[in-house]
Amino acid sequence: MKLYDTLTGEKREFAPLGVEVKVYVCGITPYAPTHVGHAMSYMAFDVLRRYLEFRGYRLRHVQNFTDVDDKIIRAATSQGVATPQLADRYIEEFLEDMDALNILRAHVYPRVTQEVPRILEMIQALVEKGYAYHANGDVYFRVGRVSRYGELAHRTLDSMIAGARVEPGEGKEHPMDFALWKAAKAGEPAWGSPWGDGRPGWHIECSAMAYHYLGPTLDIHGGGQDLIFPHHENEIAQTEAFTGARPFVRFWLHNGLLRLGEEKMSKSLGNLVTVREALARYSAEALRLYFLSSHYRSPLSYTDEGVASQERALERLRAALTPQDGSPSAAALDPDPYRQRFLAAMDDDLNTPQAIAVLFDLARAINRSREEGADVHRAQNTLRELGAVLGHSFTVAQPRDVDSSPFIELLIEIRGELRRHKQYELADRLRDRLGSLGIVLEDTPRGTIWKRERAAS
RNA sequence: GGCGACGUAGCCAAGUGGUCUAAGGCGGAGGUCUGCAAAACCUCUAUUCGUCGGUUCGAAUCCGACCGUCGCCUCCA
């Protein structure tokens, strides 16, 4: 299996260093509802995880919550709640959203507020080694000490300064130096430290947590492309300076960003669709199919038509899984060539668009073979199995509420009687009226089936 | 200004030197089935890959220029 590594800029054969694959994925800063851009990112890493496990690897997945930060403090003050309460609320929401999207939970979700002692240890060590220095209650990382600084972003320190948007910063020796520890302002959450009360800077928490939960070398570190610089660049600098071991990360994986209209979807720009809004309109599977229909490293635009079209596409895959009736009279359909193609696609840096194309090919083959009377049970099992690798179940997620089901079935029964007596006008009226209420009827050789149409407009 | 990515059918999106007269999905057209529908199935729907040059026996795929879009350089998945 090959994975594209941002650091080297090439696809390389992947194998974990030890018995388990060590995966760290950057989590969220919980101060606002989860949006579909997060969903896309975590879905990409969900598929990575499912595929690695499918390939027989054991895996340990750590994902942080940055639950102390300027934006959290600001949001908490403006809403008149304490920062831990605000963070807790959004963390809970985030986990619920991930569950709703069928994204597997990480094995560990460390939080900055619970890791401060370890973060302080790391900062202290960096100061002792000369990689960091103290200035007015802040502690900064000395970027100039790291000759490779900029290697992940493929930039040099000089070229970054030429960009000119660097703020000098009071106590900084070098404009690109970044804070490991920030002195507390009045009323802010703070912890004691050798440099006075304060809180961790933005990047150090990931270094400390990754080191503590996974060790000095990670097999895979993931996140959105917007984290490459400065966040991940700084993680490399901190961790390698601290451990003295190289490389900190063997494979850097970054997903392309979701756009809304012409711009990246982001909290700061305010152009976003929350996961809850999306799930109110579309099924989780349609959203998943939409995201996976594009390669994880490519940017993708979120559009209603796009997700809606996947809702219809999904119906085709589900239809291919409807049970076969009658006993097969022809040779069974052999799904192995499809399986091979699926694996080849996934082995090539998780080429989910191609893998999905294989699933549609297999679905078509199943439908065709079934009409010809061939045994499709094995092929259907393969479709189900490969779908599950992508996190799909293809089950008719019918919000079949107990209240109306018996009545709908009664109406269908009566319509059946009408049809038997060739009272088609009345029968069609029933079907039309149910249709306008969002209930779709289909007359099949096995009888009439119904399903609820998802409102999509 | 610096660094990087991308531009493939009506829409979305794979493919990155010959198997490509380019996968798959949505949409569209015709047909089979059906009381009529729906679903399913079959057939068709880019001789062409932003534009212009170049390299090569051969390019959507490599190189150059140009046009356009986006990302990072500041918080961000």
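Computed over heavy atoms, backbone and side chain alike; hydrogens, waters and symmetry mates excluded. Residue numbers start from 1 in every chain, and the chains themselves are labelled A, B, ... in the order their sequence lines are given, proteins ahead of strands.
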In B/S/- notation (B base, S sugar-phosphate only, - none; protein heavy atoms under 4.0 Å), nucleotides 34-45 of chain B written 5' to 3' is -BBBBSSSS---
Ion pair R339(A)/E385(A), N-O distance below 4.0 Å
yes
Rounding to the closest angstrom, what is the interatomic distance between [N] and [M] at atom [atom1]?
| N | M | atom1 | value |
| --- | --- | --- | --- |
| A9(B) | C72(B) | C1' | 32 Å |
| U8(B) | A14(B) | P | 11 Å |
| G18(B) | U61(B) | C1' | 11 Å |
| U43(B) | G50(B) | C1' | 32 Å |
| C20(B) | G15(B) | C1' | 9 Å |

Base, sugar-phosphate, or nothing: which does L257(A) touch, judged by heavy atoms less than 4.0 Å apart?
base
Assign each of Q310(A) and G222(A) to its nearest nucleotide of RNA chain B by heavy atoms, then name whichever residue's nucleotide is nearer the 5' end.
Q310(A)
Starting at atom [atom1] of [X], determine the distance to atom [atom2] of [N], rounded to an integer number of angstrom.
| X | N | atom1 | atom2 | result |
| --- | --- | --- | --- | --- |
| I228(A) | A5(B) | CD1 | C1' | 10 Å |
| L300(A) | A77(B) | CG | C1' | 14 Å |
| M40(A) | G71(B) | CE | P | 13 Å |
| E305(A) | C12(B) | CD | P | 10 Å |
| H254(A) | C73(B) | NE2 | P | 12 Å |
| I73(A) | C75(B) | CD1 | C1' | 14 Å |
| Y149(A) | C3(B) | OH | P | 18 Å |
| E263(A) | C70(B) | CD | C1' | 10 Å |

Considering only side-chain heavy atoms of [X], which listed nucleotide, [options], is closest?
| X | options | value |
| --- | --- | --- |
| H35(A) | A77(B), U74(B), G2(B) | A77(B) |
| F229(A) | A77(B), C73(B), A14(B) | C73(B) |
| R155(A) | A23(B), A14(B), G2(B) | G2(B) |

Main-chain N/O of [Y] paired with [X] side-chain donor or acceptor, under 3.5 Å:
| X | Y | result |
| --- | --- | --- |
| H107(A) | H61(A) | yes |
| K172(A) | D177(A) | yes |
| E277(A) | T274(A) | yes |

With R60(A) as the cation and Y213(A) as the aromatic partner, state whether NZ or CZ is under 6.0 Å from the six-membered ring centre and within 45° of the axis.
no
Assess R74(A) against Y31(A): is NZ or CZ under 6.0 Å from the centre of the six-membered ring, and within 45 degrees of the ring's axis?
no
One pair to check against salt bridge (charged side-chain N to carboxylate O under 4.0 Å, His left out): K2(A) and D349(A). What are the steps and the verdict?
CA-CA 5 Å; K2(A) 285 189 170 171; D349(A) 192 31; over 6 Å; no
Within residues 330-356 of chain A, residues whose heavy atoms come under 4.0 Å of RNA chain B:
N351(A), P353(A), Q354(A)
Side-chain donor-acceptor pair under 3.5 Å between H203(A) and H232(A), yes or no?
no
If you count every heavy atom of other residues, nucleotides or ligands that lies below 6.0 Å from [X] atom [atom1], does the total exceed 12?
| X | atom1 | result |
| --- | --- | --- |
| R378(A) | CZ | yes |
| E425(A) | CD | no |
| Q340(A) | CD | yes |

Bracket string, RNA chain B, 5' to 3' - pairs by Watson-Crick or G-U geometry under 3.5 Å, | interstrand
((((((((.[[[..)..(.....]]]((((((.......))))))....[[[[[..)....]]]]])))))))....
